[in-house]
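These notes concern the structure reproduced below.
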Amino acid sequence: MPADTVPVTGWGRTAPSAARLIRPRTYEEAVRAVRECGARGGIARGLGRAYGDAAQNAGGAVLDMTGLDRVHAIDADGGTVLCDAGVSLHRLMEVLLPLGWFVPVTPGTRYVTVGGAVGADIHGRNHHVSGSFSRHVLSLELLTADGRIRTVVPGTPLFEATAGGMGLTGVVLTATIRLQPVETSLMSVDTERANDLDDLMARLADTDHRYRYSVAWIDLLARGAATGRAVLTRGDHAPLDALPRNARARGEPLSFRTSRLPAAPSFLPEGLLSRTTVGLFNELWYHKAPRARMGQLQRIPAFFHPLDGVPHWNRVYGRGGFVQYQFVVGHGREDTLRRIVRRISERRCPSFLAVLKRFGEADPGWLSFPVPGWTLALDVPASLPGLGGFLDELDEEVAGAGGRVYLAKDSRLRPELLAAMYPRLDDFRALRAALDPRGVFVSDLARRLRLQATSS
Ligand SMILES: Cc1cc2nc3c(=O)[nH]c(=O)nc-3n(C[C@H](O)[C@H](O)[C@H](O)COP(=O)(O)OP(=O)(O)OC[C@H]3O[C@@H](n4cnc5c(N)ncnc54)[C@H](O)[C@@H]3O)c2cc1C
């Protein structure tokens, strides 16, 4: 198989590293790639939407799994799909929506693969109702370090280590996934503005249970009485009888249409996203939102994936790239959340992509991120002076409150805090040591956070 050595980064474009990129097109090629990946090991990669260094491997091999992208079988009566791990959620939506089925969990972009969805055990706006992606996985075919392909099912240690295991237990080759039935491809959406953080948290706590999907965009540059003001967007799949007659008459209630603008240019100047420009954007965004609007019909891309409309939007942060910081703190730790929001807004971090959400029950994956409570995610230009030290301080606060940061977004956490954040870390390491004693599967993230089975 041809393998070029190329620089690889995550979506945040920080910390690039060079690796041999191998693109298997058959399972046999994938087995061979794992067997021959060499002393620096290998790691699976999907569409590279993890923000940090999870899907890269300096000096080793990176297995680009997007060449294995077949949808093998759809049970249109029972609502399941069996597909290769390199299939994107975008492709699944194209195939499944016309049949009246939707993916059980989608993140803020549909350009992620099924393998990446399992590897990070991704969550969506419906976590409080549906849990994370792996809860809906009925079985996996996993290629392990010994070159064997194992069938892995929920409730087993290998499944729980693989769900959220960041590709470190092996390469997911296929998955069987339980789907969500829908009558239409439209969303019925309620939008409200919240005046400040307490107002927002009260609305989420009081009424989130009424909605399948819920998320709040939060203005982290607002200060004083407006600290934490937000636009709350919640909804569910629109039933057939909610569609205007003409749309129903057209007989296309399940059509899935997407549109994309021209890509962001490959080079944009540093500092485009300054406090002034982001402050202006946030001001406009907040005031443009309706104070309260109920039952608006929106297409799936507009509701779930607005950023997918601009290919390579991550270039807007310039060459230095950006850090996405996402943490969760449990219920009862609202004071920590309030303090962190206040600190971020006082520090004037120019963040225009900041969202707050309430998680439901924790997921079984040993390194799965969600725990019941509050999760905040924000983008910050990596070049912001003093950012590293500031985020280190936030890590301490989060860990001190029993919370954790999300590994799929991370590129900078220090390893000392990991055990406090992920209590099943020792189980994960022990399973890896037994399953992969030579440390075949390794990534930059694994080395940085000492997740690898052996010292490599
Ligand atoms: C705009 C945007 C919005 C996002 N919103 C959310 C969100 O709402 N919720 C959320 O949870 N995440 C979110 N993410 C993060 C994203 O969903 C995850 O990082 C996801 O893992 C990316 O999938 P990928 O296919 O791009 O995988 P990659 O980024 O290529 O890899 C991610 C991890 O999965 C592993 N992996 C990939 N393929 C396989 C495989 N076949 N077998 C084993 N392991 C594999 C990799 O080794 C790596 O550890 C968002 C990312 C972006 C860019």
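Computation of the quantities below employed the complete heavy-atom set of this structure, encompassing side-chain atoms and omitting hydrogens, waters and symmetry-equivalent molecules. We count ligands from 1, going down the list as the structure has it; atoms in each ligand are counted the same way. No experiment lies behind these values; they were computed from the predicted model shown.
- Remark: aromatic rings of F102 and F304 are close, center separation under 6.0 Å.
- Heavy atoms of K409 approach ligand 1 to within less than 4.0 angstrom.
- The shortest N/O to N/O separation between I122 and ligand 1 does not fall below 3.5 Å.
- Taking all heavy atoms of P107, S132, G10 into account, the minimum distance to atom 7 (C) of ligand 1 is reached by P107.
- Both the backbone and the side chain of R45 come within 4.0 Å of ligand 1, judged by heavy-atom distances.
- Ring to ring, Y211 and H128 are not that close: their centroids are 6.0 angstrom or more apart.
- Considering both main-chain and side-chain atoms, V171 never comes within under 3.5 Å of ligand 1 through any nitrogen or oxygen pair.
- Between Y406 and ligand 1, a contact under 3.5 Å exists for at least one N or O pair.
- Between W285 and W217, the two ring planes are perpendicular [angle over 60°; tilted spans 30° to 60°].
- Among G48, P370, G115, G12, the residue whose heavy atom lies closest to atom 39 (C) of ligand 1 is G115.
- The pair D190-R234 fails the salt-bridge criterion, with no side-chain N (NZ, NE, NH1 or NH2) lying under 4.0 Å from an Asp/Glu carboxylate O.
- The shortest N/O to N/O separation between L307 and ligand 1 does not fall below 3.5 Å.
- Considering backbone and side-chain N/O of A50, one or more are found under 3.5 Å from N/O of ligand 1.
- V172 N, 2.8 Å is the protein heavy atom nearest to atom 42 (N) of ligand 1.
- Checked against a 3.5 angstrom limit, the closest N/O atoms of A55 and ligand 1 fall outside it.
- For A120, no nitrogen or oxygen atom sits less than 3.5 Å from a nitrogen or oxygen atom of ligand 1, counting backbone and side chain alike.
- Heavy atoms of G170 come nearer than 4.0 angstrom to ligand 1 in at least one pair.
- Using cut-offs of 30° and 60° for the angle between ring planes, the F369 and F359 rings count as perpendicular.
- Partner of L96 under the side chain to side chain contact (heavy atoms under 4.5 Å, CB included) criterion, out of L179, V182, I177: L179 alone.
- Heavy atoms of Y51 come nearer than 4.0 angstrom to ligand 1 in at least one pair.
- Against a heavy-atom cut-off of under 4.0 Å, A408 is close to the following atoms of ligand 1: 19 (O).
- Considering backbone and side-chain N/O of W11, none are found under 3.5 Å from N/O of ligand 1.
- Ring orientation note: the planes of W374 and H331 are nearly perpendicular, at an angle over 60° on the 30°/60° scale.
- Looking only at heavy atoms of the protein, atom 30 (O) of ligand 1 is closest to G46 N, 2.7 Å.
- Every heavy atom of G124 sits 4.0 Å or more from the atoms of ligand 1.
- Where the criterion is an N or O separation shorter than 3.5 Å, residue side chain and backbone included, G116 meets it with respect to ligand 1.
- The cationic group of R13 does not satisfy the cation-pi geometry with Y317, failing either the under 6.0 Å distance to the six-membered ring centre or the 45° limit from the ring axis.
- When non-hydrogen atoms are compared, ligand 1 lies under 4.0 Å from the side chain of W313 (C-beta onward) but not from its backbone.
- On a distance-only criterion, H123 and ligand 1 share at least one N/O pair closer than 3.5 Å.
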